[in-house]
Amino acid sequence: MPAPRITTPAGFAPAFAIGYSDPANRLVQITEANPLPVALAAGAGQAAVLAGTQSTSGLAGPFTPASSAPIAVSLSGDWAGEVRLKRSVDGGATLHYLRVVGLDWGVLTQNGVEQIWSESDGEATFWLEFALNSGSCIYRVSQ
């Protein structure tokens, strides 16, 4: 990229250098060829995927999130009905509906992928509740 032109009335432009310290504590200027050395921090680990095919009404689970990354639910196949992502903090003995601002959340009625929920409670597990009218639903819950 060419340097910008300096025009009157000033005839000068202030210059700023942004950089970081190299291993010898010398300034390394950040440029396109020498970008800031950053990387995304790794999460706590990858959650085991919950996947399968459901042909009748019922439950699939548990899915245990490994981090606060969004939980994604993928549905495919030829099916009709409703699939709900539900949450538990007692190992699945009690399943709770997901709600946001008082509205039902995590309710799916067609194929696709949704990032539905982010969880910070280490005891929470998630379950898919199927209310199928017909067909087979192929599901995958992951982070």
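All values derive from a computational prediction rather than experimental measurement.
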So does [Y] get a backbone contact from the side chain of [X], meaning a donor-acceptor N/O pair under 3.5 Å?
{"X": "Gln115", "Y": "Ala72", "answer": "no"}
{"X": "Asp104", "Y": "Arg99", "answer": "no"}
{"X": "Ser57", "Y": "Leu132", "answer": "yes"}
{"X": "Glu114", "Y": "Gly106", "answer": "no"}

Honestly curious: do [X] and [Y] fall in one hydrophobic cluster under the side-chain, below-4.5 Å linking rule?
{"X": "Phe130", "Y": "Val107", "result": "no"}
{"X": "Val28", "Y": "Ile30", "result": "yes"}
{"X": "Trp127", "Y": "Val83", "result": "no"}
{"X": "Ile138", "Y": "Trp79", "result": "no"}
{"X": "Ile116", "Y": "Leu50", "result": "yes"}

* Under the side-chain contact (heavy atoms from CB on, under 4.5 Å) criterion, do Val141 and Val49 qualify, and how do the steps go? -> CA-CA 6 Å; Val141 182; Val49 171; over 6 Å; no

Search all heavy atoms of [X] against all heavy atoms of [Y] and return the closest pair with its distance.
{"X": "Gln143", "Y": "Ala66", "value": "OE1-N, 2.8 Å"}
{"X": "Pro65", "Y": "Ala124", "value": "CD-O, 3.5 Å"}
{"X": "Ala47", "Y": "Phe63", "value": "CB-CZ, 3.7 Å"}

* Please assess Trp117 against Glu119 for the test side-chain hydrogen bond (donor to acceptor under 3.5 Å, both in side chains), listing each intermediate value before the final yes or no. => CA-CA 6 Å; Trp117 198 259; Glu119 185 59 56; 3.0 Å; yes

A side-chain contact here means heavy atoms from C-beta on lying under 4.5 Å apart; do [X] and [Y] qualify?
{"X": "Asp121", "Y": "Arg87", "value": "yes"}
{"X": "Tyr139", "Y": "Ser74", "value": "no"}
{"X": "Val113", "Y": "Val73", "value": "no"}
{"X": "His96", "Y": "Ser88", "value": "no"}

Just verifying a value: how many Å separate [X] [atom1] and [Y] [atom2], rounded to the nearest 0.5 Å?
{"X": "Arg140", "Y": "Leu75", "atom1": "CZ", "atom2": "CG", "result": "12.0 Å"}
{"X": "Gln110", "Y": "Ser76", "atom1": "CD", "atom2": "OG", "result": "13.0 Å"}
{"X": "Ser134", "Y": "Asp78", "atom1": "OG", "atom2": "CG", "result": "7.0 Å"}

* Asked: Just checking, Lys86 and Tyr97: is the charged tip under 6.0 Å from the six-membered ring centre and within 45° of the axis?
  ->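 Yes, Lys86 lies over the aromatic ring of Tyr97.
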
* Test Arg84 against Leu128 for side-chain contact (heavy atoms from CB on, under 4.5 Å), laying out the working first. => CA-CA 6 Å; Arg84 285 181 177 261; Leu128 287 179; over 6 Å; no

* Would you kindly say whether Ser55 and Ser136 are connected by a side-chain donor-acceptor distance under 3.5 Å? =>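 Yes - a donor-acceptor pair under 3.5 Å links their side chains.
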
